Protein chains: 2
Amino acid sequence: MDTTQRTDQQRSADRRRRELLEAADRVVLRDGPQASMNAIAAEAGITKPILYRHFGDKGGLYAALAKRHTDALLDSLRAALDAPADRRERVEATLDTYLAAIEARPQVYRFLMHPAEGGQVGDQGFDVGKHSAPLLRRMGEELATVIEERLDLGPGSQQLARVWGHGIVGMMHAAGDWWLGERPCSRAELVRSLADLLWGRLAAAGDRMGGPGF
Amino acid sequence: MDTTQRTDQQRSADRRRRELLEAADRVVLRDGPQASMNAIAAEAGITKPILYRHFGDKGGLYAALAKRHTDALLDSLRAALDAPADRRERVEATLDTYLAAIEARPQVYRFLMHPAEGGQVGDQGFDVGKHSAPLLRRMGEELATVIEERLDLGPGSQQLARVWGHGIVGMMHAAGDWWLGERPCSRAELVRSLADLLWGRLAAAGDRMGGPGF
DNA sequence: ACGTGCGTGTTACTAGCGGTAACCCTAGTT
DNA sequence: AACTAGGGTTACCGCTAGTAACACGCACGT
C-alpha cells in the first residue's frame, strides 16, 4: 500500500503550507494588506507559481490566512462566553476579549477588516471584501446560536437571536474599530459603555430639558 | 475682472464633473465595484486622463461618488430622527429608513460597503477600504452628537454618546448587511427586533432552564 | 491680423499586478 | 539504465492605475 507514502506526502505538503502561511503572515504584517504575491513568494524563498499551486488564487491564500486568525479569535471568544460568571460579567468579558485582541495585534485586525489601507501607489491589495464579511458573519452566527440556546426569548426566539447575534457583533465591531483609531478612552470604559447600551440604558435615559428628546 | 470668466469656467467644470460622476455611477451600478477607470471614461464618452484631471486618482473619484450617496442617505436619516414622535418611534423610523435605503438600492449599498464582490477574473476593484469606514464613521459621529444633545446621560455623557453612536450604527450596519443577504424576515420585524435589543430586552430576558444562562 | 496662453482632449506609454503555460531537474521506482 | 512524479523556475499574457507629451480651439492683449 501507499498509505504511508500518501501520508508522508501529505505531511510534507501540510508543512510546506504552514511555512507559506507563516511567510505570508510576516509579509502582510510588514507591508500591510497590499502585500503582493511576489513579495510573499520572495519572503517564503520561492516563486509565485508554488503559491498558486497551494492556494489556487490570491483569495484562497487570503482565506487560509484569515481562517487561522479567525479561528483563534473565535476560540478565545467562546472561552470568555463560557466562563463561570453571571450574564453581564460574561458579556463584558467577551467584549473585552475581542477588544483586547484587536488592540494587541492591530495589524492583523486591519488586515482582516480593512483591506487597502496605507497603500502607497499601486492600490491593488487584498480583496478582503469577499472575506471580511465571513468573519463578522461567523461571529454573528455563533453568537446567535449561543443566545438562542441559553436565553428564553419566547416565540420567534430563533429569528430574534439571529438578529441580535449579528447586531451585537456589529456593534462590537464598529465601536472597536472607531476606538482603535481614536483611542478616546480606556478599554474598560468602552466595555462598560457598550454593556450599558446592551443593558437598556438608552431606553432608560431621560430627555434633556426642552424639545422632545431623542 | 475675470470673475465672470472664472465663474463660467467653474460652472462648466462643475457640470462636467457632475456628468462624469453620473457616468461613473452608471458603470459602477452596471459592472459592480470592479468597474475600471477605462470603462468609466468610455461610458462618459471621454478618455482616462480627463478623469484623473478631475478626481486626482481612483480614490478621489470614489470619494466623490460615495459622498453623493452618503450625503443623501444621511439627509433622510436626519429627517427620520427629527420627526415628531416619541423616542422609540423615531429610533424605529431611523432604522427603517436605513434598511429601506439599502433594500431599495442594494447595488449602491454593495458598492459603498463591499468593494470587490462578483469580480470575475481580475480582482482589482475599487478600494473601498479607505472610504467605507468614513461612511460608518460619519453616521456614528452624527448619531453621537444627536444622542449627546438630546439625552441626559449624566457624567461622562459625551464619551458615552460617542461609544453608543458608533455602536448603534455598527449594529444597524451589520444586521442590515446580514439581513440583505439572507432576507430571513421582513424589514418591519428586523426593525422591531433591533429596537427591542436597544430597549434592553437582552438584559431582561430570562435564562433557559438549567445551566447558568447566557 | 497675429501670436499667446489656457483649457480640453487625445495617443502612447510605464510599472506593476494576478495568473499561467511551458519547461527543468532531481529522487525514487522498476 | 530508463522512466515517471513532484517541486521549482523562467518567461510570458492581459489587465490595471496612472502619466507624460503632444494637438486642437478659442478667447485674449497689442
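All figures in this text were calculated on a predicted structure; none of them were measured in a lab. Note on naming: letters A, B, ... go to the chains in the order of the sequence lines (proteins, then strands), and numbering restarts at 1 for each one. Note: hydrogens, waters and symmetry copies are ignored here, and every other heavy atom, side chains too, is used.
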CD of Gln158(B): more than 12 outside heavy atoms within 6.0 angstrom?
no
Nearest-Å distance for atom pair CD1/P, residues Ile40(A) and dC17(C)
11 Å
Interatomic distance, Leu51(A) CG vs dG18(C) P [rounded to whole Å]:
10 Å
Whole-Å distance separating the CG atom of Leu61(B) from the P atom of dG18(D):
10 Å
Taking atom P of dG14(D) as reference, at what distance in whole Å does atom CD of Gln34(B) sit?
20 Å
Base of dG18(D) paired with side chain of Lys48(B) (donor-acceptor, under 3.5 Å)
yes
I'd like to know if the side chain of Thr145(A) pairs up with that of Glu148(A) as donor and acceptor (distance under 3.5 Å, no hydrogens or angles considered).
no
Report the relative orientation of the aromatic rings in Trp178(B) and His166(A); use parallel for angles under 30°, tilted for 30 to 60°, perpendicular for over 60°.
parallel
Salt bridge between Arg90(B) and Asp82(B), side-chain N to carboxylate O under 4.0 Å?
no
Expressed in angstrom and rounded to an integer, what is the separation of Leu20(B) atom CG from dG9(C) atom C1'?
13 Å
Contact class for Ile50(A) vs. all strands (heavy atom < 4.0 Å): base, sugar-phosphate, or nothing?
base
Here the distance between atom P of dG18(D) and atom OH of Tyr52(B), to the nearest Å, is 4 Å
Does the side chain of Leu135(A) reach to within under 4.5 Å of the side chain of His69(A), using non-hydrogen atoms?
no
Could you tell me the separation between the NZ atom of Lys58(A) and the P atom of dG19(C), rounded to a whole number of Å?
8 Å
Assign each of Pro49(A) and Arg53(B) to its nearest nucleotide of DNA chain D by heavy atoms, then name whichever residue's nucleotide is nearer the 5' end.
Pro49(A)
dG18(C), dA21(C), dT10(C): which one has an atom nearest the side-chain heavy atoms of Ser36(A)?
dG18(C)
Using OP1 and OP2 only, check whether a side-chain N or O of Thr47(B) sits under 4.0 Å from dG9(C).
no
Is there, by distance only and without an angle test, a donor paired with an acceptor across the side chain of Arg16(B) and the base of dG7(C) below 3.5 Å?
no
Rounded to whole Å, NE2 of His54(A) lies from C1' of dG8(D) at a distance of 11 Å
